[in-house]
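Worth saying up front: this structure is predicted, and the values here are computed from it rather than measured. Hydrogens, waters and symmetry mates are skipped; everything else that's a heavy atom, side chains included, is used.
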Amino acid sequence: MKSILGWKAIIDPLNVWGAWKEFAKGKRRRPAVAAFEIDAARSVLHTANELAAEAWQPRGYRVLRITDPKRRIVAAAPVRDRVVHHAIHRVLAPQWNRGFSAQSFACLPDRGSHSALRSFLGDMRRFRFVMHLDIQRYFYSIDRSRLMAILARRLPEAALCRLISRLLESGAGLYRRSEVVQWLGWSEPMPPGRGLPIGNLTSQWWGNVYLDGLDHFVQRHVRPGSYQRYMDDFVLFANCADELLRARDRIADWLLHERGLLLKDPVRTPRRTDRTQVYLGYRVSRRGFAPGPKLVDRLAGHVRAHLGDPPREFEGFLTSMRAAWMFDG
């Protein structure tokens with residue numbers, strides 16, 4: 001496997017400055033970002049020097065409790081640390097992403113949910129059966145030592161491995177805190193060594209890295225009629241329902257033994273593609289796709305949060321969105 005070398009590129013002050021500009025875009029009115037910007041040049045240079053001397057240490061997270069619509073935890077890192085996340089991502093992600101499967105759509109340039117929906121719609125029209133699968137507590141369950149081993153195989157520079165290891169361990173214990181476990185409604189905390197902080201740019205990218213092996217396993221060895229993944233949600237298509245059941249079991253086995261993960265519903269069964277499906281919050285049929293009820297309700301919630309009581313016409317607009325279909329060709 002080709003190595004990726006990036007230590008000098010990551011700690012280059014110009015890269016760290018570019019990471020700051022990239023992170024700050026659209027966020028300058030936030031108090032913490034504005035405070036950093038007052039002396040941004042000095043702060044960026046200081047951060048680059050800390051990285052070069054291997055003296056940089058993450059400063060912890062501010063925990064945000066989110067209900068959107070289900071309860072989850074977002075870990076917000078300080079601005080200085082988020083600049084480092086961007087500095088790493090700017091150098092490593094473009095090199096690594098080239099090896100990702102073309103059927104992986106989440107958090108990648110020129111892909112995203114709309115590309116995934118178009119691919120899903122095309123497969124709905126080609127195949128008779130579809131199976132939706134997802135992973136139980138994905139980001140909370142990622143084994144950091146396994147992830148570090150995957151990363152280290154392509155990052156032979158010891159200093160870079162040490163930096164990434166410090167960043168990975170910055171969230172250690174987050175999902176073992178009693179208040180976090182209680183908020184998420186778990187009966188017990190996650191085992192030690194598990195979980196990535198949700199909210200980091202690097203966590204999103206590493207979430208893709210951790211399941212990249214699954215994409216290649218499915219496409220090279222399981223080989224259903226079609227396959228695609230959007231982070232920890234993935235779908236398989238075939239013209240035979242039994243083929244999808246066999247694929248489900250092989251995927252569950254691979255996830256358990258290679259990544260220490262469990263399917264959320266290990267007995268999920270295929271569904272016929274001539275019936276309406278829900279995918280990424282959209283209703284999808286062979287005719288086309290349209291926003292699902294949760295997306296419409298979320299839009300309404302955002303509008304009300306920013307504008308108060310919207311005009312009467314807005315309710316009519318929401319009603320039409322709930323009823324409408326967007327036709328594709």
Side-chain angles (χ1 to χ4, degrees), residues 70 99-108 111-143 146-147 150 186-187 190-191 194 207-290 292-294 328:
K70 63 182 180 181
F100 284 167
S101 165
Q103 296 307 111
S104 174
F105 290 94
C107 306
L108 292 170
R111 301 192 196 179
S113 59
H114 288 176
S115 295
L117 279 165
R118 288 193 292 271
S119 176
F120 185 92
L121 176 61
D123 287 337
M124 284 271 288
R125 292 168 170 171
R126 292 171 55 209
F127 296 98
R128 295 176 57 206
F129 296 98
V130 59
M131 176 177 283
H132 299 248
L133 298 171
D134 59 349
I135 294 171
Q136 184 179 75
R137 299 179 184 175
Y138 178 52
F139 278 95
Y140 308 123
S141 301
I142 289 175
D143 185 325
R146 292 190 197 222
L147 174 58
I150 293 169
W186 297 346
S187 60
M190 295 302 298
R194 295 290 183 124
N208 266 332
V209 170
Y210 201 62
L211 287 183
D212 178 54
L214 172 66
D215 299 338
H216 293 285
F217 169 74
V218 172
Q219 292 176 300
R220 294 175 184 176
H221 301 287
V222 180
R223 302 178 69 179
S226 186
Y227 163 87
Q228 69 178 70
R229 178 174 65 83
Y230 194 92
M231 198 54 74
D232 60 316
D233 293 318
F234 40 102
V235 291
L236 301 93
F237 291 87
N239 286 320
C240 173
D242 287 343
E243 180 182 348
L244 293 181
L245 293 174
R246 290 190 295 269
R248 179 201 64 194
D249 293 342
R250 293 187 68 186
I251 288 170
D253 184 70
W254 189 95
L255 287 170
L256 177 62
H257 292 97
E258 299 296 328
R259 295 295 185 267
L261 299 170
L262 298 173
L263 289 177
K264 184 179 294 184
D265 183 358
V267 293
R268 181 73 60 86
T269 55
R271 302 180 66 183
R272 296 183 62 88
T273 55
D274 58 2
R275 299 174 183 174
T276 300
Q277 310 293 324
V278 176
Y279 183 56
L280 303 181
Y282 287 79
R283 294 175 294 144
V284 188
S285 80
R286 289 176 176 175
R287 295 184 297 156
F289 56 86
K294 290 182 180 179
D328 181 3

**OP:** Taking all non-hydrogen atoms of both residues into account, name the closest pair between Ser285 and Leu121 and its distance.
**Re:** O-CD1, 3.1 Å
Subject >> Between Tyr227 and Asp215: side-chain donor-acceptor atoms closer than 3.5 Å >> reply: yes
Original post:
Any side-chain heavy atom of Leu236 within less than 4.5 Å of one from Phe129?
Top reply: no
**OP:** Would you name the heavy atoms of Gln136 and Ser141 that are closest together and state the gap between them?
**Re:** O-OG, 3.4 Å
Original post:
Do you know which two heavy atoms are closest between Pro224 and Glu243, and how far apart they sit?
Top reply: CA-OE2, 3.5 Å
Subject >> Test salt bridge (charged side-chain N to carboxylate O under 4.0 Å, His left out) applied to Asp249 and Arg246, step by step >> reply: CA-CA 5 Å; Asp249 293 342; Arg246 290 190 295 269; over 6 Å; no
Original post:
In this structure, which one of Asp233, Asp232, Asp134 forms a side-chain hydrogen bond (donor to acceptor under 3.5 Å, both in side chains) with Lys264?
Top reply: Asp134
Original post:
Just by distance, do the side chain of Thr273 and the backbone of Phe127 share a donor-acceptor pair under 3.5 Å?
Top reply: yes
**OP:** Could you check Leu263 against Leu255 for side-chain contact (heavy atoms from CB on, under 4.5 Å), going step by step and ending with a plain yes or no?
**Re:** CA-CA 8 Å; Leu263 289 177; Leu255 287 170; 3.7 Å; yes
**OP:** Cation-pi check, Arg146 to Tyr210: give yes when NZ or CZ is under 6.0 Å from the six-membered ring centre and within 45° of the ring axis, no otherwise.
**Re:** no
Original post:
So with a 6.0 Å cut-off around CZ of Arg286, is the heavy-atom count from everything else above 12?
Top reply: yes
Original post:
Just by distance, with hydrogens left out, do Ser104 and Arg229 show a side-chain donor and acceptor under 3.5 Å apart?
Top reply: yes
Original post:
With under 30° as parallel and over 60° as perpendicular, where do the rings of Phe120 and His132 fit, or are they tilted in between?
Top reply: tilted
Original post:
Using the ring of each side chain (for Trp, its six-membered ring), is Trp254 parallel, tilted or perpendicular to Phe217, with breaks at 30° and 60°?
Top reply: parallel
**OP:** Evaluate side-chain contact (heavy atoms from CB on, under 4.5 Å) for Leu245 paired with Met131, printing each intermediate quantity in order.
**Re:** CA-CA 9 Å; Leu245 293 174; Met131 176 177 283; 3.9 Å; yes
Subject >> Chi angles and distances behind the side-chain contact (heavy atoms from CB on, under 4.5 Å) call for Tyr282, His114 >> reply: CA-CA 10 Å; Tyr282 287 79; His114 288 176; 3.6 Å; yes
Subject >> Exercise: identify the closest heavy-atom pair between Ala241 and Pro270 >> reply: O-CG, 3.6 Å
Subject >> Nearest-0.5 Å distance that lies between atom OG1 in Thr276 and atom CZ in Phe289 >> reply: 14.0 Å
Original post:
Passes side-chain contact (heavy atoms from CB on, under 4.5 Å), Met124 versus Val235? Steps please.
Top reply: CA-CA 11 Å; Met124 284 271 288; Val235 291; over 6 Å; no
Original post:
If every non-hydrogen atom of Tyr138 is compared with every non-hydrogen atom of Gly207, which pair is closest and at what distance?
Top reply: OH-O, 2.7 Å
Original post:
Below 4.0 angstrom, N of the basic side chain to O of the carboxylate: do Asp253 and Arg250 qualify?
Top reply: no
Subject >> Under 3.5 Å donor-acceptor, Gln228 side chain and Ala116 backbone >> reply: yes
Original post:
Taking all non-hydrogen atoms of both residues, which atom of Arg248 and which atom of Val267 are closest, and how far apart?
Top reply: NH1-C, 3.4 Å
Subject >> pair Ile142-Arg194: side-chain heavy atoms closer than 4.5 Å >> reply: no
Original post:
Within a strict 4.5 Å, meaning less than it, do heavy atoms of the Trp186 and Tyr140 side chains meet?
Top reply: yes
**OP:** Look up atom CG in Leu214 and atom OG in Ser101, then write down how far apart they are to the nearest 0.5 Å.
**Re:** 9.5 Å
Subject >> 4.5 Å side-chain heavy-atom contact, Phe234 and Ile251 >> reply: yes
**OP:** Determine yes or no for a side-chain-to-main-chain donor-acceptor pair under 3.5 angstrom, with Asn239 supplying the side chain and Arg128 the backbone.
**Re:** yes
**OP:** Keeping the roles fixed (side chain from Glu258, backbone from Leu256), state whether a donor-acceptor pair exists under 3.5 Å.
**Re:** no
**OP:** Only counting residues at least two apart or in another chain, list the ones meeting side chain to side chain donor-acceptor pair (under 3.5 Å) with Asp212.
**Re:** His216
